[in-house]
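Every value quoted in this text rests on a predicted model; they were computed, and no experiment measured them.
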Amino acid sequence: MKTIAFIGLGKIGQTITYTSLIDGIFDQAILYDIIPELPEKFEHELRHAFATKGVNTELISSNRLDDVTGADIVVITAGKPRKAGMSRRDLFADNAKIMYDLAKKLPPKNPGAIYLMVTNPVDMMASIFSKFSKEYVISAGDQVETMRMRSYLAKKYKIPVTEVNGFVGGEHGEDAVVLWSTVSIKGNPVEESVHQEVENYVKQIPGEIIRVMGGTTWGPGTIIADIVRSIALNENRVMSIAIPREFEGEVIHVSIPVVVGRTIGPSIEQLLDEKDRWYLMAAMKDFHSTYRELIKTSMIDQLS
């Protein structure tokens, strides 16, 4: 039986859940949120959608974390969302405490699960969950930025998005790095004159969407559901997700294009040119420095 659990059913959680389940690739799905009645009423909504699509996935909804058991994949979106004018890192202290609690309670009842982190700041929350759970955790990372980059180039050059290749790496968000040695349009490199324009779009468009629409939902929700699908069906697609790696004696999560299936890896890091590898190392150093400082100021270490 393929069982997936969704922890957190806010706007992005609902979108990921619906998009992950509508094709009927899971036998069972567990829907969890702390808000009274929300999981139950969302279950009804899903059942109505599944009825017209002929989807037979069994649904379990609950406000009790103890009911999240036997999952093969656990998708975590629980926590405070980013609002207009906020940095993802502004959410660290509050959401780290939630991750600490989940890291202690979820693993005992879900042995061997792959944990997919979506809660922002997503890479740091993956590192926090990994730190306190000792489980295998991945972050949705820069797969969202990767698709934003590809979509922008497709629109700019008026070509099908399937003609655009390439990845974004580093930390999800404002510090993401376009890995230009991987980027091509119809097999040809992108001229350097548009590099800054593309990078600006990738980093600025989320804030603009949040300002006008209140949150980024359909883009991330669909892209993250594709990560779920690649794991569940063992598709072995190359995606730019954040995987655990050791840096200065600590496990941190920074995105690199990597094969995603039932097992994660290998990465294509060694295929990148020297410049891209330098930017990735700089991103790791900045991530680690900020991560350690946020742990210190939020006193999250004192919970252990």
Any carboxylate oxygen within less than 4.0 angstrom of a Lys/Arg side-chain nitrogen, looking at [X] and [Y]?
X	Y	value
R229	D226	no
R211	E208	yes
D101	K105	yes
K285	E248	no
R47	E43	yes

Is it true that a side-chain atom of [X] and a backbone atom of [Y] form a donor plus acceptor pair closer than 3.5 Å?
X	Y	answer
S151	R148	yes
R150	V161	no
T52	A49	no

Grab the two heavy atoms, one from [X] and one from [Y], that are nearest each other, plus how far apart they are.
X	Y	value
Y152	E197	OH-OE2, 2.5 Å
L102	A78	CD1-CB, 4.3 Å
T146	S240	OG1-CB, 3.6 Å
T19	T222	CG2-CA, 4.0 Å
L280	G169	CD2-C, 4.1 Å
D123	A242	OD1-CB, 3.3 Å

Linked, directly or transitively: [X] and [Y] (ILVMFWY side chains, under 4.5 Å):
X	Y	answer
V260	V168	no
V198	V144	no
M117	Y291	yes

Would you say [X] and [Y] make side-chain contact, with heavy atoms under 4.5 Å?
X	Y	value
I30	F6	no
N165	T182	no
K131	E250	yes
E269	L271	no
D33	E40	no
T17	L9	yes
F26	T3	no
F129	T119	no

[X] side chain to [Y] side chain, donor-acceptor N/O pair below 3.5 angstrom:
X	Y	value
S139	H253	no
S62	D67	yes
Y157	E163	no

Cation-pi check, R292 to F287: give yes when NZ or CZ is under 6.0 Å from the six-membered ring centre and within 45° of the ring axis, no otherwise.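 R292 over F287 ring: no.
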
Among [options], whose side-chain contact (heavy atoms from CB on, under 4.5 Å) with [X] holds?
X	options	result
I243	V254, V137, I256	I256
I231	T263, I138, D72, I241	I138
E145	I223, V177, V202	V202

Name each donor-acceptor pair under 3.5 Å that joins a side chain in residues 109-116 to protein atoms two or more places apart or in another chain, with its distance.
residue, atom, partner, partner atom, Å
K109, NZ, D66, O, 3.3
N110, OD1, G70, N, 3.2
N110, OD1, A71, N, 2.9
N110, ND2, V68, O, 3.0
N110, ND2, L106, O, 2.8

